Amino acid sequence: MANALFNVPEPYNEPQFDYSPGSAPRAALEAELQRQYETRIEIPLIIGGQEVRTGKLARSVCPHDHQHVLAEYHQAGPAQVAAAIEAALAAKAQWEALGWEERAAIFLKAADLISGRYRAKINAATMLGQSKNAYQAEIDSTCELVDFLRFNLSYMTQIYAGQPDSAKGIWNRLEYRPLEGFVFAVTPFNFTAIAGNLPTAPAMMGNTVVWKPASTAVLSNYYVMQILMEAGLPAGVINFVPGRGASVGDPVIVHPDLAGVHFTGSTGTFQSMWRTIGNNIASYKSYPRIVGETGGKDYIFVHPSADADVEAVAVAMVRGAFEYQGQKCSACSRVYAPRSLWPAISQRVQAMMGEIRTGDVRDFANFHNAVIDRASFERAMGYLKAAREAKEAEILAGGSGDDAVGYFIEPTVIVCKDPQFVTMREEIFAPVVSVYVYEDERVDETLDLLDATSPYALTGAIFGRDRGFVAAATKRLTHTAGNFYINDKPTGSVVGQQPFGGARASGTNDKAGSMLNLLRWCSVRSIKESFVPARDYRYPFMG
């Protein structure tokens, strides 16, 4: 029995490897890339700690080399989904009874395994299976994932330490119980870190989880699951069930023991899940917690006073819009630039775009790689076709795509005469950024336009040296972005520094990577113990 108040190790942001030529980390990563490229594996479901093979197989391929198969994975059907729920519920009592420090030790070990022995393995899987370059994989599948694990454990202990005052003769306590039931984690393809965080954050708080990974990220997610098991995660605490969205999601969402949903994905899917939960609300044992981060139409607004920062604006556009092929929910997708500065900004942006190399992730000289799959490719190409044919828009640079070998789309800048043109309003999730050039004297009108154009409110950035503008715009744009940046690009939030999430159509803004998110995965019980209870029902006023 523990008889001490423990502290987890002080969390820190995992240092990034730069993979410079000749370095040992680069050599290890290149060797692992080649090994995984040449080795096709079979990925089972993991239910109750056991490997399950259904025989219903799908393929994990390289998006930049879509005929190359990295793995075949088994897909869950109704029987396996039911078994996963049963396993989660069966593991629940023992898991939530385990001391929090014992749970913490598992995730601390997993963090060290990822940042050490398995760093090259998980980075290579993310690079090959999700078409990320070495830097993007490093900051995602190693650094951010490890940061989530370490910082969340620290936040967990801070939550547990939050206790009420007690009057004389009374001891008041708060107990942070896990939710009653199981949590359904639905994870996206674009960040291995998010895929790891969505099931582990509830699990840290004593919950058991059914995890449905994105079909286009099964390889890296499977390795995350294996690492958690190696770190000592008990059977059934997290159950790994890849499969088609409806095949897995439909039976899970209507189950009476559903306690919560931790989701990152499309707005339409999230709204559909919420609608189903609402229609079935009377059938649940308790009201499910619904936490979701969905889409974005993220912006950069440039003020005329940014005239000395044209280079910074151009870099923010290129990095913000084209890193990971624009497939970040925080990616810069629309820009509002003053007419006085646009020629200089445009010149610098086009010069940088002319230097960008596109291709296979194994060639480290490539800044830009492929979009995730054919559906994404065709969707983006549809927007580019609309821009080519419209009088209200002009493709300034890029605009082409080629899917013969991989799903490659050129980094593209569209200048829109109409600020309500479709590419200014709708999320594309590809390397496409739209620009509206406004008249310098119409700053206030354009801020209003920015606010009203898109239903999303995830990330946004402003550039300007006029402090009056910075203060006014920060206030004016309060509800347009859950993560707001001043003189910086709207991407790159860091766990422990910028808790991430947006509102409006972008989600519930429960801030992944913060105490706020973990609070959603517990149900507080207030306990009052009286040492000297009353012995008489009468009050003094009755005398």
Side-chain angles (χ1 to χ4, degrees), residues 76-78 80-82 84-86 88-89 92 176-188 194-195 197-199 201-203 205-215 238-239 241-297 329 425-427 429 454-458 479-480 482 500-512 514 516-525:
Q80 292 76 40
V81 173
I85 294 171
E86 184 178 342
L89 294 174
K92 184 171 178 57
Y176 296 89
R177 305 169 297 179
L179 305 180
E180 190 176 11
F182 69 94
V183 173
F184 184 34
V186 183
T187 62
I194 297 175
N197 180 52
L198 267 55
M205 302 302 292
N207 297 283
T208 54
V209 181
V210 174
W211 174 17
K212 186 214 167 299
S215 295
I238 296 176
N239 300 277
V241 284
R244 295 183 179 276
S247 298
V248 177
D250 287 356
V252 171
I253 288 296
V254 299
H255 196 281
D257 286 301
L258 178 70
V261 174
H262 207 189
F263 176 91
T264 295
S266 75
T267 300
T269 300
F270 188 54
Q271 290 178 350
S272 176
M273 293 171 70
W274 195 308
R275 188 178 303 113
T276 301
I277 291 170
N279 289 337
N280 288 274
I281 200 66
S283 66
Y284 300 114
K285 188 171 292 183
S286 57
Y287 295 114
R289 301 286 176 88
I290 309 174
V291 175
E293 193 265 296
T294 59
K297 191 64 180 175
C329 38
R425 292 184 288 106
E426 297 183 5
E427 184 181 42
F429 227 59
S454 168
Y456 297 106
L458 188 53
H479 295 291
T480 65
F500 189 80
R504 294 182 179 173
S506 290
T508 58
N509 202 19
D510 285 296
K511 295 301 183 193
S514 78
L516 299 172
N517 184 276
L518 291 188
L519 281 167
R520 298 286 279 153
W521 308 118
C522 59
S523 179
V524 180
R525 180 167 70 154

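A quick note: this is a predicted structure, and the numbers were derived from the prediction, not measured. Reckoned from all heavy atoms, side chains included, excluding hydrogens, waters and symmetry mates.
In this view, Asp510 and Val291, Thr508, Asn517, Arg520 satisfy the side chain to side chain contact (heavy atoms under 4.5 Å, CB included) rule, not counting sequence neighbours. Residues passing the side-chain hydrogen bond (donor to acceptor under 3.5 Å, both in side chains) test with Lys212: none are found, sequence neighbours excluded. Taking Ala457 as the reference, Arg504 meet the side chain to side chain contact (heavy atoms under 4.5 Å, CB included) condition, with sequence neighbours excluded. Shown here are the side-chain hydrogen bond (donor to acceptor under 3.5 Å, both in side chains) partners of Arg425, two or more places apart in sequence or in another chain: there are none. For Lys92, the salt bridge (Lys or Arg N to Asp or Glu O under 4.0 Å) test picks out Glu96, with sequence neighbours left out. With sequence neighbours left out, Arg177 forms a side-chain hydrogen bond (donor to acceptor under 3.5 Å, both in side chains) with Ser523. Under the side chain to side chain contact (heavy atoms under 4.5 Å, CB included) criterion, Thr187 pairs with Ala195, Leu198, Pro199, Trp211, Pro213, Asn221, not counting sequence neighbours. With sequence neighbours left out, the side-chain hydrogen bond (donor to acceptor under 3.5 Å, both in side chains) criterion links Glu86 to no other residue.
The shortest non-hydrogen separation linking Gly296 to Ser506 is CA-OG, 4.1 Å. Here the shortest heavy-atom pairing between Thr267 and Gly295 reads OG1-N, 3.4 Å. Scanning all heavy atoms of the two residues, the minimum distance from Tyr176 to Cys522 falls at CD2-SG, 4.0 Å. Closest approach of Pro202 to Asn197, counting heavy atoms only: CD-O, 4.2 Å. Closest heavy-atom contact between Leu519 and Arg289: O-NH1, 3.8 Å.
No side-chain heavy atom of Val183 sits under 4.5 Å from any side-chain heavy atom of Val210. Side-chain contact check for Tyr456 versus Glu427: some heavy-atom pair is nearer than 4.5 Å.
Rounding to the nearest 0.5 Å gives a distance of 11.5 Å between CZ of Phe263 and CD1 of Ile290. The line from CD of Glu293 to CG of Asn509 is 9.5 Å long, rounded to the nearest 0.5 Å.
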side-chain contact (heavy atoms from CB on, under 4.5 Å) between Leu89 and Thr208: does it pass, once the steps are laid out? CA-CA 7 Å; Leu89 294 174; Thr208 54; 5.5 Å; no

Going through the checks in order, is the side-chain contact (heavy atoms from CB on, under 4.5 Å) test met by Tyr287 and Ile281? CA-CA 7 Å; Tyr287 295 114; Ile281 200 66; 3.7 Å; yes

What verdict does the side-chain contact (heavy atoms from CB on, under 4.5 Å) test give for His262 and Phe184, after you've listed the backbone C-alpha separation in whole Å, the side-chain angles of each residue and the deciding distance to 0.1 Å? CA-CA 6 Å; His262 207 189; Phe184 184 34; over 6 Å; no

Let me have the donor-acceptor pairs involving side chains of residues 245-261, under 3.5 Å, with sequence neighbours excluded, atom names and distances please.
from	atom 1	to	atom 2	distance (Å)
His255	ND1	Asp257	N	3.0
Asp257	OD1	Lys285	NZ	3.0

Atom pairs and distances, donor-acceptor, side-chain atoms in residues 271-280, under 3.5 Å, two or more places apart:
from	atom 1	to	atom 2	distance (Å)
Thr276	OG1	Ser272	O	3.0
Asn279	ND2	Arg275	O	3.3
Asn280	ND2	Thr276	O	2.8

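Counting only distance, with no hydrogens or angles, the side chain of Thr294 and the backbone of Ala505 share a donor-acceptor pair below 3.5 Å. A donor-acceptor pair is defined here as one N or O able to donate and one able to accept, closer than 3.5 Å; no such pair exists between the side chain of Lys511 and the backbone of Phe500. Asn207 contributes a side-chain N or O that, together with a main-chain N or O of Leu179, makes up a donor-acceptor pair within less than 3.5 Å.
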